[in-house]
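Structure, as structure tokens:
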Amino acid sequence: MTDCGIEISAELVHDLLQDQHPDLAGLPVREVAGGWGHQMWRLGDELAVRMPRRKGAPDLLRKECRWLPVLAPRLPLPVPTPVRIGEPSARFPRPWSVMTWVHGEPLDHTSISRGDHAADTLADFLRALHVAAPAEAPAGSDRGAHPSKCTDGFEYFLQAIAPGGLAADVHAVRAVWDDAVAAPEWAGPPVWLHGDLHPANVVVSDGTLSGVIDFDAMFAGDPAWDLAAAWLLLPAGAGPRFFEAYAHADEATVRRARGLAAMKSLFLILMGQNGDRGLPGGKPAWGPAGRAALGRVTSGFGRSS
């Protein structure tokens, strides 16, 4: 159900395709579990329909459709790219898209067993993505600021987690955050960022990373926001190899990234807690992923450990 009261069903998706892209309407439509601002429907074996269900999501969808065709050709992993655009209509008052399907299982429902391979793969992907962005590239909205400007969010996530829910020492978490806040700001040009790399937004095949999905948060800014993925995605012990392969992160950037990883881990834990309580938007699988990531954050790896 969208926030404007419209139920997104397989029948609605089929009817929209029949109206606007009838050559695709014969493909089977299957709901994909998960999603936040968008609801996904598998379309045949190689495509997906992306349906905005929350206010603000249509702008994010149009951003994806504008910039993913620019970025995708140079990225070494599969990413969803737009195939068709659906326009607002009497049946559905928001734009929607047909994207390529990225094969693999989301990391929040599986694990990485080939840590070194995944570290090299993630480093190659981010090195290819993190190039200077053009002036017209989107800016961050609720992301992208120096950690010193995100302390309210960090404190909110930390305080909202139930006692005993961290599986990590609070003082160690605060020490990582304080170190990130004290780190110098990014002095380079704004680079292209995925902006929201966490276990639900990457897919795994054969024990290693095989694709990156959900680019609606993409923006240009400080690479530390993506480098936090070293703690969020990679298994223990793979971090040093990642930073060696990435090769472009100075000490201050690693410090900011580690603090941002702490904040993002807290967010994952909180969303897992909300899922366990049956609250709207909660994601039960995110709790274990967040606690594992926070354990890696507080144990330390990378050049700032």
Side-chain angles (χ1 to χ4, degrees), residues 27-36 38-50 64 68-69 71-83 97-130 192-218 226-246 261 264-265 268 271-272 283-293 296 301:
L27 295 172
V29 175
R30 292 164 286 165
E31 186 174 4
V32 178
W36 200 299
H38 296 85
Q39 185 170 350
M40 295 283 289
W41 294 81
R42 187 88 176 263
L43 182 62
D45 292 330
E46 302 300 332
L47 299 174
V49 178
R50 193 155 164 82
E64 284 185 321
L68 273 173
L71 298 176
R74 69 162 178 263
L75 298 177
L77 284 176
V79 300
T81 52
V83 174
S97 65
V98 180
M99 312 284 280
T100 56
W101 177 260
V102 179
H103 292 273
E105 187 173 2
L107 181 55
D108 60 329
H109 286 87
T110 187
S111 61
I112 290 172
S113 58
R114 299 164 61 196
D116 286 350
H117 188 279
D120 291 343
T121 301
L122 180 62
D124 290 346
F125 178 84
L126 291 181
R127 223 176 30 248
L129 177 62
H130 290 172
W192 276 114
L193 304 173
H194 177 280
D196 196 23
L197 287 173
H198 61 69
N201 285 344
V202 299
V203 297
V204 170
S205 301
D206 298 323
T208 189
L209 293 176
S210 59
V212 178
I213 59 177
D214 200 348
F215 279 74
D216 65 11
M218 74 172 81
D226 277 357
L227 296 177
W231 290 270
L232 294 170
L233 305 181
L234 297 176
R241 183 175 180 123
F242 165 80
F243 281 109
E244 181 179 357
Y246 181 80
K264 293 181 180 191
S265 298
L268 293 174
M271 290 302 99
K283 307 287 186 182
W286 289 16
R291 285 187 288 273
R296 294 189 290 268
F301 65 71

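One-based numbering along the sequence shown.
For the ring pair (Phe, Tyr, Trp, His ring centres under 6.0 Å) test, no residue two or more places apart in sequence or in another chain qualifies with W41. Remark: H38 engages no residue in a ring pair (Phe, Tyr, Trp, His ring centres under 6.0 Å) (not counting sequence neighbours). Partners of L77 under the side-chain contact (heavy atoms from CB on, under 4.5 Å) rule, at least two apart in sequence or in another chain, are T121, F125, V212. Residues satisfying the salt bridge (charged side-chain N to carboxylate O under 4.0 Å, His left out) test with D226, not counting sequence neighbours, are none. Not a single salt bridge (charged side-chain N to carboxylate O under 4.0 Å, His left out) links R42 to another residue, sequence neighbours left out.
The CG atom of L122 sits 10.0 Å away from the OH atom of Y246 when rounded to the nearest 0.5 Å. Atom CG of L197 and atom CG of L107 lie 11.0 Å apart (nearest 0.5 Å). With rounding to the nearest 0.5 angstrom, the CG atom of L232 is 11.0 Å from the CG atom of L227. The line from CD of E64 to CG of D216 is 5.0 Å long, rounded to the nearest 0.5 Å.
In terms of modelled atom types and a separation under 3.5 Å, the side chain of R296 and the main chain of W231 share a donor-acceptor contact. Side-chain atoms of N201 come within 3.5 Å of backbone atoms of D196 as a donor-acceptor pair (strictly under, hydrogens ignored). Looking at T100, its side chain does come within 3.5 Å of a backbone N or O of T81 through a donor-acceptor pair. Within the 3.5 Å criterion, the main-chain N or O of D214 finds a donor-acceptor partner in the side chain of H194.
The stretch residues 98-117 participates, sequence neighbours left out, in these salt bridge (Lys or Arg N to Asp or Glu O under 4.0 Å) pairs: D116-R241.
Summarising the geometry of I112 relative to L233, their closest heavy-atom pair is CD1-O, 3.5 Å, with the distance given to 0.1 Å. Among all heavy-atom pairs drawn from A200 and P106, the shortest one is O-CB, 4.4 Å. Across every non-hydrogen atom of L268 and G290, the tightest pair is CB-CA, 3.7 Å. For the pair A285 and P288, the tightest heavy-atom approach, listed with the atom from each and the gap, is O-CD, 3.5 Å. In terms of heavy atoms, A238 sits closest to G115 at CB-O, 3.7 Å. Annotation for L68 and P73: closest pair O-CD, 4.3 Å, computed over non-hydrogen atoms.
For the pair S210/P78, no side-chain contact is recorded, criterion being any heavy-atom separation below 4.5 Å from C-beta on. Side-chain atoms of F215 and P80, non-hydrogen and from C-beta on, do get closer than 4.5 Å to each other.
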Practice problem: For the pair M40 and V49, evaluate side chain to side chain contact (heavy atoms under 4.5 Å, CB included) and give the outcome as yes or no after the intermediate values. | Solution: CA-CA 6 Å; M40 295 283 289; V49 178; over 6 Å; no
Self-check item: Worked check of side chain to side chain contact (heavy atoms under 4.5 Å, CB included) between L43 and W101
Solution: CA-CA 8 Å; L43 182 62; W101 177 260; over 6 Å; no
Exercise. For side chain to side chain contact (heavy atoms under 4.5 Å, CB included), just list the numbers for V79 and I213, CA-CA rounded to whole Å, side-chain angles, deciding distance to a tenth of an Å, and then say yes or no.
Key: CA-CA 6 Å; V79 300; I213 59 177; over 6 Å; no
